[in-house]
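Quick notes on the structure that follows.
As the structure is a prediction and not an experimental result, all values here were calculated from the model. When a residue number appears, it is its place in the shown sequence, counting from 1.
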Amino acid sequence: MAEINAQSVLVGTDAKVFLDGEELGTWTECTLNITYNYDDVYIGRDVDRQTTSRQGEGTLNFQATNSMTLKMYNKLMANPNLRFTIETELTKLATGETESGTIGGVTFDSLPLQAMSKGELVTKELSFRWMPSQSSFTQLID
């Protein structure tokens, strides 16, 4: 197995959640996935598959340093169809190159209003969905 130089790895350096340009919070972990849905298509005697749709899904974990989810809750109570934006950034330590992503049209599957354990750091997890056509990734790292 090839040895990996620690300076060559990618490090998550920033992710933020926005609503109407207002920053609502920062992250500790962010995962983005695209799920593809298929239908069978027949080509002669063979069966292949054709993409019929795709859906973006993800999770956002963060350390609670403010009342971000309560702010989101109040805004969603006033307008349950609100959409949020998540912005992410990775950095390659060796070169300082960055890779940025913007995920628009985000809707959350659930909203943890409070999660706590006595004497422990408060962390929360939000699962979300978005339309992949509303995402963009710029400044890609070579």
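- Once rounded to the nearest 0.5 Å, the distance linking CZ of Phe84 with NZ of Lys75 reads 8.0 Å.
- Side chains of Trp130 and Thr85 form no contact here, defined as non-hydrogen atoms less than 4.5 Å apart.
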Hey, can you pull the donor-acceptor pairs under 3.5 Å for the side chains in residues 102-111, sequence neighbours left out?
| residue | atom | partner | partner atom | Å |
| --- | --- | --- | --- | --- |
| Asp109 | OD1 | Arg129 | NE | 3.4 |
| Asp109 | OD2 | Ser127 | OG | 3.3 |

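- Residue pairs meeting the side chain to side chain donor-acceptor pair (under 3.5 Å) criterion with at least one partner in residues 43-60, sequence neighbours excluded, are Thr35-Glu57, Asn37-Ser53, Gln55-Glu57.
- Interatomic distance, Asn61 CG to Leu126 CG, rounded to the nearest 0.5 Å: 8.0 Å.
- Atom-to-atom distance recorded for Leu82:CG and Met77:CE is 12.0 Å, nearest 0.5 angstrom.
- Counting only heavy atoms from C-beta outward, the side chains of Tyr36 and Ile34 approach each other to under 4.5 Å.
- A distance of 8.0 Å separates CZ in Arg83 from CD in Gln134, rounded to the nearest 0.5 Å.
- Of all heavy-atom pairs spanning Thr69 and Pro112, the tightest one is OG1-O, 3.0 Å.
- Separating the NZ atom in Lys71 from the CG atom in Leu76 is a distance of 14.0 Å, to the nearest 0.5 Å.
- Other members of the hydrophobic cluster containing Tyr42, listed by chain and number, are Val47; membership follows side-chain contacts under 4.5 Å among ILVMFWY residues, whether direct or relayed.
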